[in-house]
Amino acid sequence: MSANARFASMLHEMASMLELLGEQGFRVAAYSKAARAIEGLTSDLSTMQPAQLLAVDGVGEKMAQRAAEYLATGTMKDYAQLKAKVPEGLLQCLGVPGLGPKTVRAMWTTLGVTDIAGLKKAMDDGSLANLPRMGEKAVQKIRDALATIEQGQGRLPLGLAVAIAERVLAVVRAQPGVIRAEAAGSLRRGKETVGDLDIIACVEKLDAGLAQAVMRAATSMPGVQRVLVQGEFKASMLLSVEPPSPAEQAAPEEAKAAEPHPHQQTSTKVLQVDVRVVPRVSFGATLQYFTGSKEHNVRLRALAQTKGLTLNEWGLFLDSTWKPFHEAGPVSASRPLPDGVVDASEEGAIYAHLGAPFVPPEMREDRGEFGSAATSGVALDVAHTARALVRVEDIRSELHSHTTASDGVLSIEQLARAAHARGFHTIAVTDHSQSSTIARGLKPDRLRTHMQAVREVHAKLHAELGMTVLAGSEVDILADGNLDYSDELLQQLDVVVASPHASLKQDAATATKRLLRAIEHPLVHIIGHPTGRIINQRAGLEPAMHELLAAAKQHNVALEVNSHWSRLDLRDLHVRMACEAGVLLAIDCDVHHPDDFANLRFGIATARRGWATKDMVINTWDGPTLHAWLRRKR
DNA sequence: GCCGTTTTCGGCCCGACTGTTTTCAGTCG
C-alpha cells in the first residue's frame, strides 16, 4: 500500500472511531471526505508542498498537519488516542449491514459489547432486543446479515457483475410496460469491483400494480436467496453468484495459478441487487442519482442549491414546488409528481440546466470533474477530457494476443480474422517467452519458426483483407529487470510487450528498478500489465509510479491497460497519473480465447476512469501512424 | 473539520424504507 493509501485508510478508521464515540456528524464526515481526497491524489504526499496539500478540496489546516506528522513518524497521536478508546472489534460490528453508529454505540456503552462474538451473545441472551428502538425483527435482520457476511459477501469483479446485471436486466425488460431498464451504480461507473447492483426500470406512468409486477418478476428469478426489502417502488434482494462459466474462466494462466492474496475474503457467493421502478419523466434523474458516486452527487446537489433548486431522484425542482409536495409525505403512485424544472427523462438535461458540462459516468468520482478540486499540480482540461474520452469504437488494433503456440486457443489466422471482424487494421501476435513455462513460453528456436508463420499469415491476409499481422512477443521482465530473450532476437520482432509474470512480491524499490530497466530497454514498445496484480487475489508490484512514468515519457514507451476484468492493470488511478504525465497507453485484451475481445469494454472503462483521451491511446491510431511508431524502435 | 459570488461563523444533500413507535429515529444509498 502506498503512503497515500495508508494515511487515507487511517483517516477512514478515525472517522469510524469518532462516530462510535458519538462525535458530531459533520466532523466525522470531514474525516471521510479528507480520506477520499487523499485516496484520489495522483501525487505522492511526501512530494507535495504544504500549499499544494491545502489546495486539495477537503484538506484543511488540521488534516495537513496530520499528513506531515504521519510522513515524519509513520503514525499520528490523535489516531493512537482514538485506538486506545475504541475496541478494535467494534469497527467490524459497524461493518454489519443494518448496524449503524447509533446502535453499535448503544450496545457498547449499555451492554459492554466490543466485538462480533459479544454481539452474537447479546442476541442470544435477548439483551440486544431490549435496547431502545430494537426488537425481535431488527435482531433477526442482524442475524441474517451476519450469516450473509460469513457466506462471503465481498465486492465482485466488474466482469462477473456485468454478466449478472445483464441477467437481471433481461428479466426486467421482458416485463409488460417496461420501456427501458439500465444498471446504475458503480457498475455503470466502470469500477473494477462492484458491491451491489442498482437496476432502474422505466415505465410510462407511476402505477403501483405495474411496479409491483416488475419487482415480483425480479425477486422471483432463479438464484434469489432472500428478499431484503420490498416497498412501493423498490425491492432489494440477495442473488446467488454462480461460479464463472468456462468462457468466463478464460482468464490468463497466471491468474489461475495465482496464490490467494493475504487480504482476500472468502469468495463472493451472494450479491445484493436493488430494483427500482420509476416513471419516464424521472428516469434520467433516477439513473443519475443512483449512478453516483455519492460524492459526485453531493456536489451536483449543492450546485442545484446555489441556483435555488432541489435535485433528487425524481427530478430537478423549484424549492417552492417540491417542498410543499414533500411535506405531504413521500411520493406514491396515487400522488402524481409535481412538474420538474426540466424534463428529467434523460440525465443530460440535468447537467445542462445546472450549467455543468455533461460528466460521463466513469468520471463521476468527485476527483475534479467539476473543475474545482485539485488532485495534483497538473490540471487536465475537464470539458475537453469529457468530450474526448476514449471509447470502445475508437479502438482499431490489438497489440497483445496469444495463439496455440503458447497458451491461447486460436491459430494465428483465426486470431487475425477475429481481429479483422472487429474492425481492427492490425493485430500483434505476442506469445509468451521462454521463462513462462506454465504458459508454454517459446524457446528462441520456436520463436524464430513462429515469427516465420506469423509473417506468412500476414502476407496472405494483407493481400486478402488489408490486415496487418505483426510478429511480436510478450517477453518476461525477469526479477532483475533483464528481458527473457537476447537483443539480437528482440530486434527481429515487430512488437515487444515486456511484462512481469513472476517475483511479484518483491519490495517497492526492487520492483521500481526492475521495471525501469525494461522501460529503458531500447527495443521495448509496451510494458504489459505493469504491476501484475490480480483483483481480489494478488496485490502485485507497487513500484514508484512517478519514476516509471517519467521514464516511459522519456523513452517513448506505452504502458498497457490490460482489459481482462481480473487484471485491469494499469488501474484507474495509475491511468490518471499517466495522462497527467503525458504517457501513451496501450489498451489491450491479452487475447487467449475469442471471447476475450469482449473484455475491451472493461479496459476502456478503466481508461475512462483515469480520464484517458483518444489521442493518448496508441490502439486508436490509424495503421500508418501506429506502424511508424513501432518502427522507430527498430 | 472544512469552507466562503449569500457566510471568517454558521452552515454542511436528500429521500425511501423499516421497525419501533403513538410521530419518528436509524440506516442506507
Side-chain angles (χ1 to χ4, degrees), chain A residues 11 14-15 18-19 23-37 53-66 78 94-107 129-142 145 184-186 195-198 200 211 215 227-236 272-278 282 285-286 288-317 319 322-323 325-332 337 355 366 372-373:
Chain A
L11 291 184
M14 289 173 83
L18 286 167
E19 214 172 14
E23 188 56 70
Q24 193 215 130
F26 293 115
R27 188 155 170 252
V28 172
Y31 279 77
S32 301
K33 187 175 180 185
R36 271 195 40 85
L53 196 50
L54 283 169
V56 175
D57 197 38
V59 177
E61 204 60 56
K62 207 70 180 279
M63 293 295 174
Q65 277 172 20
R66 290 204 170 94
D78 293 347
L94 201 53
V96 176
L99 279 183
K102 297 278 166 54
T103 312
V104 173
R105 180 170 161 76
M107 69 194 207
N130 287 331
L131 286 179
R133 303 202 70 84
M134 279 300 241
E136 280 312 319
K137 285 180 99 164
V139 170
Q140 188 55 43
K141 282 202 157 182
I142 296 167
S186 53
D196 55 21
L197 295 183
D198 294 286
I200 318 291
M215 291 188 295
V227 177
L228 298 172
V229 297
Q230 176 141 17
E232 207 174 356
F233 306 112
K234 175 197 161 174
S236 261
Q272 182 171 329
V273 181
D274 297 348
V275 179
R276 289 182 171 76
V277 183
V278 299
S282 291
T286 310
Q288 196 287 321
Y289 190 93
F290 287 102
T291 294
S293 66
K294 191 171 181 242
E295 292 76 14
H296 173 89
N297 286 355
V298 165
R299 218 170 251 285
L300 198 64
R301 287 199 287 277
L303 184 60
Q305 266 202 330
T306 66
K307 297 180 188 295
L309 303 170
T310 296
L311 177 61
N312 58 35
E313 64 263 54
W314 301 100
L316 186 60
F317 302 93
D319 282 353
W322 175 262
K323 286 280 168 66
F325 182 84
H326 171 246
E327 282 161 12
V331 174
S332 74
L337 283 169
D366 190 24
S372 50

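Numbers restart at 1 for each chain; the letters A, B, ... are given by sequence-line order, proteins then strands.
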Distance test, side-chain N/O of A:Trp314 to OP1/OP2 of B:dA16, below 4.0 Å: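 Yes.
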Under-4.0 Å side-chain N/O to phosphate OP1/OP2 contact, A:Asn297 with B:dC13: no
Sugar-phosphate only, base, or nothing, as touched by A:Arg105 at under 4.0 Å among non-hydrogen atoms: nothing
Sugar-phosphate, base or nothing in reach of A:Glu136, heavy atoms under 4.0 Å: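 The answer is sugar-phosphate, as A:Glu136 gets under 4.0 Å only of primed atoms, P, OP1 or OP2.
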Distance, P atom - from B:dG26 to B:dT21, rounded to whole angstrom: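 It works out to 12 Å between them.
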Rounded distance in Å between the P positions of B:dC3 and B:dT8: 16 Å
Earlier contact from the 5' end, DNA chain B, for A:Lys137 and A:Val298: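 Result of the comparison: A:Val298.
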Taking every non-hydrogen atom, the tightest pair across A:Leu99 and A:Val104: CB-CG2, 4.1 Å
Pair A:Asn297, A:Glu295: side-chain N/O donor-acceptor within cut-off below 3.5 Å: no
Distance-only side-chain donor-acceptor flag, A:Tyr31 / A:Arg66, under 3.5 Å: yes
Nucleotides 21-29 of chain B: protein proximity per nucleotide (B base, S sugar-phosphate only, - neither; heavy atom, under 4.0 Å): ---BBSSSB
Complementary nucleotide for B:dT8 - Watson-Crick or wobble, under 3.5 Å: none
Report each atom pair, protein N/O against N/O of nucleotides 5-10 of chain B, whose distance is under 3.5 angstrom.
none

Among B:dG15, B:dC2, B:dC12, the nucleotide that comes nearest once only the side chain of A:Met63 is considered: B:dC2
